[in-house]
Amino acid sequence: MRKRLSALLVVPALAVLAFAAPASASTGYHEYVALGDSWTADVFVTLPPTTQFTPLDCAQSTSDYPHELAGALGVETFRDASCGGATTTDFTQQQKLPLGGTNPPQFDRLTATTDLVTVGIGGNDIGLASAVTKCLNLLPVSTCKAKFTAGGVDQLENAVAATEPKVAASLQAIKERSPNARILLVNYLAGLPASGKGCWPVIPIADGDVAYLQAKFLSMNAMLARVAADNGVELVDTYSPTLGHDACQAPTVRYVEGLIPISTSNPLLLAFPFHPNGAGAAAQSEIVLDAVQRG
């Protein structure tokens, strides 16, 4: 792990590095490609963002879990296509970015010789990030759920259902481009309290809306599990091992930051709201590495 890790994470980080040599020797992966959105790119975990694989405005961290995994496995060739704001559409089309940059189609990094692929996608297709911001409220009154379920139609649940075939098609397309690759679909770590009870006003979302968003978050992860099973790829569960580290926990405990863009786990104390912090990135790295080794 890199210097960004807090003292609390030094021991786990060293434990991961201790397994790096045997993992490389036993698995023999040579060409690893990472695909995904901002929860894969771990935006703002390290600054400035790396431009080695993507434009600056992808906000990709040099210590996101793909970088850490590649280092631990000792792969010869590594390409990290993950980019903030990405959807499944950006796997096959150019992604136009907020500062004017353009990320090439993420699938362009895949080749016939790619033998390891991780995929973290779906949240932006569903619109969960924008839903969270729409649920912010200066008063502890639940209004967001009513808007998303007006007329008896659950907009976010429908979005989850609509995203399922998109993720499935993406996995099949990866198999076509890299037929010999081991593919791991990585779900989303625990960002909201499992109880559904929020922490207003620290995160200004009423409890009723937190419970609704948490239910949709679980629905999204359940969808990803189905897609993985139906398409013969492995699911990496980062959610279960990170329970109790949601955005409502203490600064030294949480893996995901809330509204305030500050994190004690990140260099310069800067963070991106409602995204993994340095501790979360470290947890992702350890979980995905363990999954690769167990395989």
Side-chain angles (χ1 to χ4, degrees), residues 1-9 12-13 36-50 57-68 82-86 98 120 123-124 126-138 144 186-207 209-210 213-214 216-217 220-221 238-239 241-287:
M1 298 297 174
R2 305 188 188 278
K3 294 181 180 179
R4 64 177 172 79
L5 299 179
S6 64
L8 182 65
L9 294 170
D37 57 25
S38 56
W39 280 47
T40 297
D42 286 327
V43 297
F44 274 35
V45 168
T46 50
L47 293 172
T50 176
D57 32 350
C58 274
Q60 185 187 108
S61 171
T62 56
S63 51
D64 62 7
Y65 74 79
H67 278 76
E68 297 292 333
S82 64
C83 186
N124 292 323
I126 295 166
L128 270 179
S130 61
V132 169
T133 59
K134 290 177 182 177
C135 288
L136 297 175
N137 198 330
L138 293 176
C144 174
V186 182
N187 70 7
Y188 291 80
L189 51 76
L192 295 169
S195 65
K197 182 176 176 58
C199 50
W200 191 97
V202 177
I203 298 178
I205 301 177
D207 286 354
D209 292 336
V210 170
L213 291 172
Q214 169 65 0
K216 300 307 108 177
F217 196 92
M220 173 182 65
N221 272 347
T238 66
Y239 177 81
T242 58
L243 285 169
H245 295 275
D246 56 81
C248 280
Q249 302 306 312
T252 57
V253 176
R254 59 180 176 248
Y255 288 169
V256 174
E257 295 300 334
L259 178 63
I260 301 173
I262 296 175
S263 175
T264 59
S265 296
N266 292 359
L268 305 180
L269 302 180
L270 297 176
F272 199 84
F274 305 113
H275 280 73
N277 57 27
Q284 289 173 309
S285 302
E286 294 175 18
I287 294 166

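Quick note: residue numbers are just sequence positions, from 1.
- The two residues Asp64 and Ala41 have their closest heavy-atom pair at CB-O, 3.3 Å.
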Next item on the list: Just do the side-chain contact (heavy atoms from CB on, under 4.5 Å) check on Cys248 and Ile203 with the steps written out, would you?
Entry: CA-CA 7 Å; Cys248 280; Ile203 298 178; 4.2 Å; yes
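- No donor-acceptor pair under 3.5 Å is formed between the side chain of Asn277 and the backbone N or O of Ala271.
- Note on ring orientation: taking the six-membered ring where Trp is involved, the planes of Phe217 and Trp39 are tilted (angle from 30° to 60°).
- Side chain of Gln60 to main chain of Ser82: a donor-acceptor pair is present (N/O by atom type, distance under 3.5 Å, no hydrogens or angles).
- Looking at His275, its side chain does come within 3.5 Å of a backbone N or O of Pro273 through a donor-acceptor pair.
- No more than 12 heavy-atom neighbours from other residues, nucleotides or ligands sit within 6.0 angstrom of CD1 on Ile260.
- Contact detail for Arg254 and Asp246: the closest heavy-atom pair is CB-O, 3.1 Å.
- Using cut-offs of 30° and 60° on the angle between ring planes, the pair His245 and Tyr255 is parallel.
- Considering SG of Cys144 and CG of Leu136, their distance stands at 9.0 Å, rounded to 0.5 Å.
- Listed here is the closest heavy atom pair of Phe272 and Glu257: O-CB, 4.3 Å.
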Notebook entry, point to check: Where do Ile205 and Trp200 land on the side-chain contact (heavy atoms from CB on, under 4.5 Å) test, with the steps shown first?
Noted result: CA-CA 6 Å; Ile205 301 177; Trp200 191 97; 5.8 Å; no
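- For the pair Leu189/Ile287, no side-chain contact is recorded, criterion being any heavy-atom separation below 4.5 Å from C-beta on.
- Of the candidates Thr40, Thr46, Asn266, Thr46 is the only one forming a side-chain hydrogen bond (donor to acceptor under 3.5 Å, both in side chains) with Ser61.
- Inter-residue side-chain proximity for Leu47 and Pro49 is flagged as met; some heavy-atom pair is nearer than 4.5 Å.
- In this structure, the side chains of Pro204 and Leu259 come closer than 4.5 Å at one or more pairs of heavy atoms.
- The closest donor-acceptor contact from the side chain of Ser38 to the backbone of Val43 lies at 3.5 Å or more, if one exists at all.
- Between the side chain of Ser265 and the backbone N or O of Gly278, no donor-acceptor pair lies under 3.5 Å.
- Side-chain contact between Ser63 and Glu68 is present, with at least one heavy-atom pair separated by less than 4.5 Å.
- Contact check for Lys216 versus Leu213: no side-chain heavy atoms found under the 4.5 Å cut-off.
- When side chains are defined from C-beta on, Thr238 does not count as touching Tyr65, because their heavy atoms never get closer than 4.5 Å.
- Of the possible polar contacts, one joining the Asn221 side chain to the Tyr188 backbone as a donor-acceptor pair under 3.5 Å is found.
- Rounded to the nearest 0.5 angstrom, Leu268 CG and Ser263 OG are separated by 11.5 Å.
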